[in-house]
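Take a look at the structure set out below.
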Amino acid sequence: MSTRKRDSAPAYRPRVGELVLDTRTGRTGIYMDTLGGEHYLRPRAGGREWTARPDQVGPAPDDPDPDTSPGPAETARARLRAHLAARNRDSRLNESQVA
């Protein structure tokens with residue numbers, strides 16, 4: 001019979017779809033699955049997955065309410081609107097340039 005003593009706390013086990021923190025990179029991502037002993041995470045806004053060792057993954061810090069904060073699509077649209085508005089202002093002829 002083995003009386004092996006554990007030196008560390010058990011590893012954090014996220015649920016599929018949970019927002020987690022990769023402590024190695026400092027990035028937060030959505031936990032997708034564990035394959036071959038590595039956790040697969042993907043960016044919250046979508047994109048390329050990356051892997052992290054289970055001992056480097058923990059619960060994500062409290063995040064502002066995702067329903068009230070703008071998503072990447074809304075932010076990109078707002079930047080585009082501001083850019084187009086500035087371009088239109090710059091391209092308008094002022095009254096002194098009109099013949």
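Quick note: numbers below take in every heavy atom, side chains included, and nothing from hydrogens, waters or symmetry partners. Because the structure is predicted, anything quoted here is derived from the model rather than measured.
Among all heavy-atom pairs drawn from P61 and T28, the shortest one is CD-CG2, 4.5 Å. Here the closest non-hydrogen pair linking P59 and L21 is O-CB, 3.9 Å.
Taking E18 as the reference, Y12 meet the side-chain hydrogen bond (donor to acceptor under 3.5 Å, both in side chains) condition, with sequence neighbours excluded. Here R42 pairs with I30, M32, E49 under the side chain to side chain contact (heavy atoms under 4.5 Å, CB included) rule; sequence neighbours left out. The side chain to side chain contact (heavy atoms under 4.5 Å, CB included) check on P54 picks up H39, with sequence neighbours excluded.
Annotation: side chain of R27 is in contact with side chain of P43 (closest heavy-atom distance under 4.5 Å).
Rounded to the nearest 0.5 Å, atoms CG (L35) and OG1 (T51) are 10.5 Å apart. One distance of note links CZ of R53 with OG1 of T34; it measures 14.0 Å at 0.5 Å rounding.
Cluster annotation: V16 and W50 are assigned to the same hydrophobic cluster (Ile/Leu/Val/Met/Phe/Trp/Tyr, side-chain heavy-atom contacts under 4.5 Å, transitive).
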Yes or no on side-chain contact (heavy atoms from CB on, under 4.5 Å) for T23 and V57, after CA distance, side-chain angles and deciding distance? CA-CA 6 Å; T23 58; V57 172; over 6 Å; no
